[in-house]
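Heads up, the thing below is written out as structure tokens.
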Amino acid sequence: MTLISWTDAFNTNIAEVDAQHRTLVEMVNRLHSAVRAGKDREALAEVLGGLIAYTKTHFEYEERLMSAHDYPEFAPHKAEHDRLTRQVIEFERRFREERAPVTIEVIMFLHDWLLKHILTEDKKYGPFLNARGVR
């Protein structure tokens, strides 16, 4: 069962950002599938670690793009990235210390945050950057 199905509603019309968003969606789906299948901690740690690493890479890419084009909402957008990064790093730390399992609630947090972030915050910078020739 796929948790998130990609639709055109997620598109920012920036090819690299959209490709990275698709990868993030696939990774959240992979984590969801691993939890539902009852994968062991090692398998979950690998999927979770990959998702966190890729999210950091994606945030850095978006931030460089917004900064290079003087996106006026850069500071609050970056603050949201920083907030999520701190939350997920803390969750990963607790998971690795065996104090917190990867649960459906965690998956739903990632699901809700990712969809909300793409559909609201990222959709705001899409037209701004498109107007500056970024595709």
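Heavy-atom basis, side chains included; hydrogens, waters and symmetry copies ignored.
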Point to revise | Derivation and outcome, side chain to side chain contact (heavy atoms under 4.5 Å, CB included), residues Val88 and Leu110 | key: CA-CA 9 Å; Val88 176; Leu110 293 170; 4.1 Å; yes
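- A salt bridge does not link Glu60 with Lys56: every distance from a Lys NZ or Arg NE/NH1/NH2 to an Asp or Glu carboxylate oxygen is 4.0 Å or more.
- Atom CD of Glu90 has more than 12 heavy atoms from other residues, nucleotides or ligands within 6.0 Å.
- Residues Ile107 and Leu31 are in side-chain contact: their nearest non-hydrogen atoms beyond the backbone lie under 4.5 Å apart.
- For Lys123 against Asp8, the heavy-atom pair with the smallest separation is NZ-O, 4.5 Å.
- Counting heavy atoms from C-beta outward, Leu115 and Phe10 have side chains that approach closer than 4.5 Å.
- Formation of a donor-acceptor pair under 3.5 Å by the Asp40 side chain with backbone atoms of Glu42 is found in this model.
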Exercise for review: Verify side chain to side chain contact (heavy atoms under 4.5 Å, CB included) between Tyr125 and Val17, making sure each step is shown before the conclusion.
Suggested key: CA-CA 11 Å; Tyr125 74 64; Val17 169; 3.1 Å; yes
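- Judged by distance alone, the side chains of Tyr54 and Gln20 never bring a donor and an acceptor atom under 3.5 Å apart.
- The six-membered or imidazole ring of His32 lies away from that of His111, with a centre-to-centre distance of 6.0 Å or more.
- Between Val35 and Val106, the closest side-chain pair of non-hydrogen atoms is not below 4.5 Å.
- The side-chain heavy atoms of Lys39 and Val102, taken from C-beta on, include no pair separated by under 4.5 Å.
- Ring geometry for His81 against His58 counts as tilted: the plane angle lies between 30° and 60°, on a 0 to 90° scale.
- By the 4.5 Å heavy-atom criterion applied to side chains, Ile118 and Asp122 are counted as neighbours.
- Side-chain contact between Trp113 and Val28 is absent, with no heavy atoms from C-beta onward closer than 4.5 Å.
- Remark: the backbone N or O of Arg135 is not paired with any side-chain donor or acceptor of Asn130 at under 3.5 angstrom.
- Atom CD of Glu97 has more than 12 heavy atoms from other residues, nucleotides or ligands within 6.0 Å.
- Side-chain contact between Ile14 and Leu65 is present, with at least one heavy-atom pair separated by less than 4.5 Å.
- The residues Arg22 and Asp18 are annotated as not salt-bridged, no charged nitrogen and carboxylate oxygen being separated by less than 4.0 angstrom.
- Checking His77 against Glu121 by side-chain atom types alone, no donor-acceptor pair falls below 3.5 Å.
- A donor-acceptor pair shorter than 3.5 Å cannot be found between the side chains of Glu26 and His21.
- Across all their heavy atoms, Phe74 and Ser67 have their closest contact at CD1-N, 4.1 Å.
- Partner of Met66 under the side chain to side chain contact (heavy atoms under 4.5 Å, CB included) criterion, out of Phe128, Tyr61, Tyr71: Tyr71 alone.
- With contacts defined as side-chain heavy-atom distances shorter than 4.5 Å, the pair Phe59/Asp82 does not qualify.
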